[in-house]
A.B. asks: 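This is the structure I have questions about; it appears just below.
Given the structure is predicted, the values throughout are model-derived calculations rather than measurements. Worth knowing before you read on, the calculation uses all heavy atoms, side chains too, and leaves out hydrogens, waters and symmetry mates.
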4 protein chains.
Amino acid sequence: MAKQRFAPGADEHVLDCAARLFRERGFEATTVRDIARTVGMLPGSLHYRYPTKGALLLALMRRGLALDLAAVDAAIAGAVDPVERLRLALRAHLRFLVSRDSTSVVLFEWRSIEPEAHAEMVRLRDEYDAHWARLIADAHAAGRLGAHVDLKMLRLMIFGAANWVSMWYSPGGPRTSDEIADAFWEYLSAGVLTSAAR
Amino acid sequence: MAKQRFAPGADEHVLDCAARLFRERGFEATTVRDIARTVGMLPGSLHYRYPTKGALLLALMRRGLALDLAAVDAAIAGAVDPVERLRLALRAHLRFLVSRDSTSVVLFEWRSIEPEAHAEMVRLRDEYDAHWARLIADAHAAGRLGAHVDLKMLRLMIFGAANWVSMWYSPGGPRTSDEIADAFWEYLSAGVLTSAAR
Amino acid sequence: MAKQRFAPGADEHVLDCAARLFRERGFEATTVRDIARTVGMLPGSLHYRYPTKGALLLALMRRGLALDLAAVDAAIAGAVDPVERLRLALRAHLRFLVSRDSTSVVLFEWRSIEPEAHAEMVRLRDEYDAHWARLIADAHAAGRLGAHVDLKMLRLMIFGAANWVSMWYSPGGPRTSDEIADAFWEYLSAGVLTSAAR
Amino acid sequence: MAKQRFAPGADEHVLDCAARLFRERGFEATTVRDIARTVGMLPGSLHYRYPTKGALLLALMRRGLALDLAAVDAAIAGAVDPVERLRLALRAHLRFLVSRDSTSVVLFEWRSIEPEAHAEMVRLRDEYDAHWARLIADAHAAGRLGAHVDLKMLRLMIFGAANWVSMWYSPGGPRTSDEIADAFWEYLSAGVLTSAAR
DNA sequence: CATGAATGAGTGTTCATTCAT
DNA sequence: GATGAATGAACACTCATTCAT
């Protein structure tokens, strides 16, 4: 009930604008004035909602992680097969990554988090990672991954390939995020490479 | 011996120090004074060699890309089989990535390049990408990749997985860069996932 | 009353202080810190009003030229006789020159104007010159100057003699600006020199 | 015999280059590197001849004042009539002013002289002024100026009109310095203005 | 709640000067 | 004499933050 002068959803707007700028220019290269101007506020007013620039980044990252997890959860809700759940999760993550700026900020502005908040962010990120680790572990438990696969290594590989998409994806490009996810999935499923030894 | 004149290789030292700081803190968050102190110079002296902070970044990136390419070339020089060449290239790239800071800077400070230098860096990076594209195309031409694999998508997937390593690798960790490369390689060769449809 | 908000007319104060320092030390030799200290502000606060040192100089010059013209116009408003008008204008210009620093800055810091503003300042100065040229042309049209006087040369001579006063005038000196103007006037009216040929 | 590696006249060259730059950009805005480059030396080498930038300015001014006086003396050497001598002096001064940069520097960089050298420069300038004062006093003593002319005021007027020429003169302009001197002279001799009262 | 003028520590950069060679 | 790499104090300017209104 407290924050009511501001239109509902206004905080969202602030975070969205900040996310866009942080992603485009980087946290350090974005000024509070830039954000305020983009939001349509004055620099002093922004400080009522987010006392410091760092607080904005934190709020952004918290929301980003939570929303990404929620999107993934929603996407896999109806599926039972653990490998299918993993596939849908990858699709959902990529869709979220390319449609929202906050995930990229979470991924690439890790360094800009102020020391006091580091512990919290590590915890949030661990939770996030654990979510994915669980999806992979389920597939493994169901005997659907190679027997001696290093689950953590596999997770980091998938995660890396997926996150890197935010570096080159462009909305007008030839492939949707779903198509990209499916291509990656295919290469991992079938095995793209034929080793010399075989 | 006192107040040593700049030793040969001193420029290397400057670039190495700058690379480390840029990687640890980011380009924007690193001050010229930080770099100078780390190198063991005074701010004014640094400017004598690199007129601006941006020039330092550019020199760093140019060297980083060139050395990475050279390392990859050296690693694959003896191999003939195109898939083996690709595997060795991946190993070499990862080895370089985790042992030198400059590649990470190239990958993650793209935004900090000043507009005037953008064209040059795009060209250098295109050359770099083309090198990898060629390795993959060779494997494809030899019939060693799945027939309808999207070569660009595969390249971006491998590249993403590999580059992401710089985000989580720590020198004292349980796996060497070669082991990481081999694990990734294995998942791509054999196909880790067993799809539901099968 | 404490920590007074900027009083109206504060910009005037800033310009006056800057003008004094620019006149005493020159534009280049005056630091922004000097100005801020003299005004009673901090360097950052000064930049809030004038984004750059050059902008301060421009504002100063614009105001200086406008005020000088206004002072001259006010002084000649009541007079009809064109020669009398010229005499009053000279008096007013000299009075302004010695009582305000900005005219001296306009005269002697021409070189410090940044290239982008050059055109505007040339225009303003041309207008200023045209004003004087008109006064002289009126006297000439009334047949009150020697028939074959070069009007431009006469203007530059009067202007030079007048402006040079800012180089040696000191407020506590034996003559007021009006007395100086009258002396110059007399030498030009009567002809001080008796040529050898006569 | 001491300074002989350097070609004779080299000091002249240094001073000429410095004078040109000081005049064009101002003393403060001219860097030692600018001067060194223009002269064709390296910054360190310039310091062998002139230990500081201020020393260069002083040398420049000393030479400038001496040469101007010498030029004036040479010009009036043959004339006896005191008014004619004054006319020739004005011509010579203007000729020197527009053909050499050093006089302008003497006139307009007064503020940049370092405090320790102030006394010397005041003395030199007083000598210079006295020279002109003498020329005028001679004309007065010969009864060739109006009886109650203020000699100092007249000197300052002539000097101001003359020195201001360096502000607007351009070598390709429609009038030579002699023509300008003669025009000024005429206006002072004949009296250009016809006062209303007459 | 909101404003925006004011703050001041800190930034990248400049440049007269020094000095080992 | 001459060099030019190195120095470091000083510069103009930035910008997250504060706070009286």
A.B. asks: dG10(E) C1' sits how many Å from Arg37(B) CZ, rounded?
C.D. replies: 13 Å
A.B. asks: Check whether any side-chain heavy atom of Leu21(A) sits under 4.5 Å from a side-chain heavy atom of Thr31(A), and report yes or no.
C.D. replies: no
A.B. asks: For Ser45(C) and for Pro43(D), locate the closest nucleotide of DNA chain E by heavy-atom distance; then report the residue assigned to the nucleotide nearer the 5' terminus.
C.D. replies: Ser45(C)
A.B. asks: Sort and list the pairs that fulfil ring pair (Phe, Tyr, Trp, His ring centres under 6.0 Å) and have at least one residue in residues 15-36 of chain B, not counting sequence neighbours.
C.D. replies: Phe22(B)-Phe27(B)
A.B. asks: Atom OH of Tyr50(C) and atom P of dA12(F): how far apart are they, to the nearest Å?
C.D. replies: 17 Å
A.B. asks: To the nearest angstrom, how far is Glu114(D) atom CD from dT17(E) atom P?
C.D. replies: 8 Å
A.B. asks: Check whether Asp126(D) reaches the backbone of Arg123(D) with its side chain - one donor and one acceptor, N or O, closer than 3.5 Å.
C.D. replies: no
A.B. asks: Using whole Å, report how far CD1 of Ile35(D) lies from P of dA16(E).
C.D. replies: 8 Å
A.B. asks: Nearest nucleotide by nearest heavy atom, which residue falls closer to the 5' end of DNA chain E, Gly44(B) or Gly44(C)?
C.D. replies: Gly44(C)
A.B. asks: Which of residues 23-31 of chain A sit near DNA chain E, with a heavy atom under 4.0 Å from it?
C.D. replies: none
A.B. asks: In whole Å, I'd like the distance from the NE2 atom of His13(B) to the P atom of dA5(F).
C.D. replies: 19 Å
A.B. asks: In whole angstrom, give the distance that lies between atom OH of Tyr48(B) and atom P of dA5(F).
C.D. replies: 3 Å
A.B. asks: Under 4.0 Å between a Lys/Arg side-chain N and an Asp/Glu carboxylate O for Arg100(A) and Asp68(A)?
C.D. replies: no
A.B. asks: Could you go through the salt bridge (Lys or Arg N to Asp or Glu O under 4.0 Å) check for Glu24(D) and Arg111(C) one step at a time?
C.D. replies: CA-CA 8 Å; Glu24(D) 282 171 4; Arg111(C) 285 178 310 206; over 6 Å; no
A.B. asks: Name the closest nucleotide to the Lys53(C) side chain, picking from dT13(E), dA12(F), dA5(E).
C.D. replies: dA12(F)
A.B. asks: CG of Leu57(C) versus P of dA12(F): gap in Å, rounded?
C.D. replies: 13 Å
A.B. asks: Using residues 113-122 of chain B as the side-chain source, report each donor-acceptor pair under 3.5 Å to any protein atom, sequence neighbours left out, with the distance given to one decimal.
C.D. replies:
residue, atom, partner, partner atom, Å
Glu120(B), OE1, Arg62(B), NH2, 2.9
Glu120(B), OE2, Arg62(B), NE, 2.4
Glu120(B), OE2, Arg62(B), NH2, 3.4

A.B. asks: Which nucleotide wins on minimum distance to the side chain of His47(B), given the candidates dT13(E), dT3(F), dA6(F)?
C.D. replies: dT13(E)
A.B. asks: For residues Val32(A) and Thr52(A), determine if any side-chain heavy atom of one lies less than 4.5 Å from a side-chain heavy atom of the other.
C.D. replies: no
A.B. asks: Closest to the Met41(B) side chain: dG12(E), dT7(F), dT7(E)?
C.D. replies: dT7(F)
A.B. asks: Show me the dot-bracket string of DNA chain F, counting Watson-Crick or G-U pairs under 3.5 Å, with | for pairs to another strand and [ ] for crossing ones.
C.D. replies: .||||||||||||||||||||
A.B. asks: Looking at residues at least two apart in the chain, or sitting in another chain, which of them share a side-chain contact (heavy atoms from CB on, under 4.5 Å) with Ala70(B)?
C.D. replies: none
A.B. asks: Suppose we screen for salt bridge (Lys or Arg N to Asp or Glu O under 4.0 Å). Which residues come up paired with Arg125(A), at least two apart in sequence or across chains?
C.D. replies: none
A.B. asks: What is the distance from CZ of Arg49(A) to P of dA16(F), rounded to the nearest Å?
C.D. replies: 19 Å
A.B. asks: Distance alone, cut at 3.5 Å: any donor-acceptor contact between the side chains of Asp101(B) and Ser104(B)?
C.D. replies: no
A.B. asks: Considering heavy-atom distances to DNA chain F, does Pro51(C) or Leu46(B) have its closest nucleotide positioned more toward the 5' end?
C.D. replies: Leu46(B)
A.B. asks: Kindly point out which of dA10(F), dA5(E), dA6(F) is positioned nearest to the side chain of Arg33(D)?
C.D. replies: dA6(F)
A.B. asks: Determine the interatomic distance between P on dT21(F) and the same-named atom on dC1(E); round to the nearest Å.
C.D. replies: 22 Å
